[in-house]
J.: 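Just passing along the structure, written as structure tokens.
The structure presented is a predicted model; accordingly, all values stated were derived computationally and were not measured. One-based numbering, in listed order, for ligands and for the atoms of each.
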Amino acid sequence: MKNHKTIILSNQEISPGYYRMRILAPEYSRLAKPGQFVMFRVQRSLPPLLRRPFGIFRAGFMASDCDGMAEKEFIEILYKVVGSGTEIMQELHQGDRVELLGPLGRGFDLGDPHEEKILVGGGIGLVPLYMLAEKLIETSQVRLLMGGRTRNDIITVTEFERLGVETYVSTEDGSLGEEGLVTQVLQRKLDKYPKASVYACGPMPMIDAVQRICAERGTSLQVSLEALMACGVGACLGCVVKGAGHSTENPRYLCTCKEGPVFYAEELDWNRLEQQNSAGGGCH
Ligand SMILES: Cc1cc2nc3c(=O)[nH]c(=O)nc-3n(C[C@H](O)[C@H](O)[C@H](O)COP(=O)(O)OP(=O)(O)OC[C@H]3O[C@@H](n4cnc5c(N)ncnc54)[C@H](O)[C@@H]3O)c2cc1C
Ligand code: FES
């Protein structure tokens, strides 16, 4: 994990309220694991822009534009504008200076290469699933179930298709794909592929429903949680969630930033999780 003072390569709106930012990020292709995140800060800005956590969507190389560098190594983050920090971010341009602390956290376990994999993404919760799909597709059959409220929440699905991932889209208002919740699609896919393991990131009610479906069937599930974070490195304890077996006599807390953000479902206390995250946890 390093703090990089670096620059933005591009920052574009890809759907109303959703942006893709490409940032110069040496060494990330080698270091970043699927499911890890960065703490992002605009240099020299005054509060409110403290560091904000964002999943790493993609890490790669691009040709340089005759500036003497052979290739530029970058990461992409995708973000939804929800508050003061992301409002400032949407105004940033190529060449603006930013700081990245990362890569941070525990990412996904790739699991048994022979098992089928189902990825479930809700809205911006799709972000950590792309690098995961890139890895899984090398050895496994991968299906992506992508859900959103409207068609505006469905982003980058064609990029997953280009990897060879089978994709299924659902929207609550029926404006794209099947009308309804992504969890209905998950039920059907698990009926058809009962041995598949599931990886999920999305709003907390979606994660909670996915957990119930998988628990009933004994399906292996990993979830990426999005607790509120201040430091991102295990120092402030602002991101703790209760772990499985937690009680007053035997308190068991897990730091989402350091011990997560990815957890196996059985590591967490699901009776308390929705309540713990009601202050804002879960992807938007
Ligand atoms: C590990 C991790 C990965 C994340 N990856 C992404 C990503 O790839 N793309 C993306 O758009 N967002 C992601 N988030 C959420 C992102 O960090 C917040 O949306 C962002 O910090 C909001 O900043 P803001 O200043 O614009 O909003 P604020 O003004 O701080 O808050 C606006 C609203 O968003 C809620 N909020 C703030 N932070 C979070 C959070 N961490 N989780 C849930 N709700 C929050 C607040 O409760 C409030 O209701 C991730 C969060 C974590 C912890
Ligand atoms: S954000 Fe500070 S301990 Fe996790």
J.: Of the side chain and backbone of Ile77, name the one, both, or neither that has a heavy atom under 4.0 Å from an atom of ligand 1.
T.: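 For Ile77, there is no contact with ligand 1 at all, from either part.
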
J.: Can you tell me which portion of Pro128 lies within the under-4.0 Å heavy-atom range of ligand 1? Options are side chain, backbone, both, or neither.
T.: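 It is neither; nothing of Pro128 touches ligand 1.
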
J.: Does any N or O of ligand 1 fall below 3.5 Å from an N or O anywhere on Pro53, backbone included?
T.: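 Checking ligand 1 against Pro53, an N or O pair does fall under 3.5 Å apart.
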
J.: Are Tyr18 and Tyr79 close enough that their ring centers fall under 6.0 Å?
T.: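 Ring centres of Tyr79 and Tyr18 not closer than 6.0 Å.
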
J.: With heavy atoms under 4.0 Å as the rule, classify the contact between Phe37 and ligand 1 as side chain, backbone, both or neither.
T.: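 The part of Phe37 near ligand 1 is the side chain, not the backbone.
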
J.: Within the 4.0 Å heavy-atom shell around Tyr79, which atoms of ligand 1 are there?
T.: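 Near Tyr79, meaning under 4.0 Å from one of its heavy atoms, ligand 1 has 9 (N), 10 (C), 11 (O).
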
J.: Hey, does the Lys NZ or Arg CZ of Lys189 hover above the aromatic six-ring of Tyr168, less than 6.0 Å from the centre and inside 45° of the axis?
T.: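 Because its charged atom sits under 6.0 Å from the ring centre and within 45° of the axis, Lys189 does stack over Tyr168.
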
J.: Heavy atoms only: which of Phe57, Phe54, Tyr19 is nearest to atom 12 (N) of ligand 1?
T.: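 Closest candidate by heavy-atom distance is Phe54.
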
J.: For ligand 1, is any non-hydrogen atom under 4.0 Å from Thr86's backbone (N, CA, C, O), its side chain (CB onward), both, or neither?
T.: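 Both backbone and side chain.
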
J.: Under the 3.5 angstrom rule, does the side chain of Thr6 hit a backbone N or O of Leu24 as a donor-acceptor pair?
T.: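 The answer is yes, because a donor-acceptor pair under 3.5 Å joins these two groups.
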
J.: His4 vs Tyr28 aromatic rings, parallel, tilted or perpendicular, using cut-offs 30° and 60°?
T.: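 Ring orientation of His4 relative to Tyr28: tilted.
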
J.: For atom 20 (C) of ligand 1, which of the options Met89, Gln36, Arg52 provides the nearest non-hydrogen atom?
T.: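 Closest candidate by heavy-atom distance is Arg52.
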
J.: Do Ile213 and Leu190 come close enough that some side-chain heavy atom pair is under 4.5 Å?
T.: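 When only atoms from C-beta onward are counted, Leu190 and Ile213 do touch, with a gap below 4.5 Å.
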
J.: If you stand at atom 2 (Fe) of ligand 2 and look out to SG of Cys231 and SG of Cys236, what angle do those two lines make, to 10°?
T.: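 Rounding to the nearest 10 degrees gives 110°.
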
J.: Under 4.0 Å from a heavy atom of Cys255: which atoms of ligand 2 are those, numbered in the order shown and with their elements?
T.: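 Listed by number with element: 3 (S).
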
J.: With a cut-off of under 6.0 Å to the ring centre and 45° to the axis, is Arg52 in cation-pi contact with Phe40?
T.: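 No, a cation-pi geometry is absent between Arg52 and Phe40.
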
J.: Kindly identify the option in Val127, Val38, Leu78 whose heavy atom sits closest to atom 9 (N) of ligand 1.
T.: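 Minimum heavy-atom distance to atom 9 (N) of ligand 1 goes to Leu78.
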
J.: With only distance considered, is Glu226 within less than 3.5 Å of ligand 1 through an N or O on each side?
T.: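 Between Glu226 and ligand 1, an N or O pair is found under 3.5 Å apart.
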
J.: Could you tell me, atom by atom, which parts of ligand 1 come under 4.0 Å of a heavy atom of Ile124?
T.: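 In order of numbering, the contacting atoms are 9 (N), 10 (C), 11 (O).
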
J.: Report the part of Val82 (side chain from C-beta onward, or backbone N, CA, C, O) that has a heavy atom under 4.0 Å from ligand 1; answer both or neither where that applies.
T.: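 Both of them.
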
J.: Could you see which bit of Ala230 sits under 4.0 Å from ligand 2, with heavy atoms only: side chain, backbone, both or neither?
T.: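 It is the backbone that touches ligand 2; the side chain stays farther off.
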
J.: Show which atoms of ligand 1 fall inside a sub-4.0 Å distance from at least one heavy-atom site of Leu228.
T.: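 Contacts of ligand 1 toward Leu228, numbered from 1: 36 (N), 37 (C), 38 (N), 39 (C), 40 (C), 41 (N), 45 (C).
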
J.: Polar-atom distance check: Ala227 versus ligand 1, any N or O pair below 3.5 Å?
T.: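 Yes: some nitrogen or oxygen of Ala227 is under 3.5 Å from one in ligand 1.
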
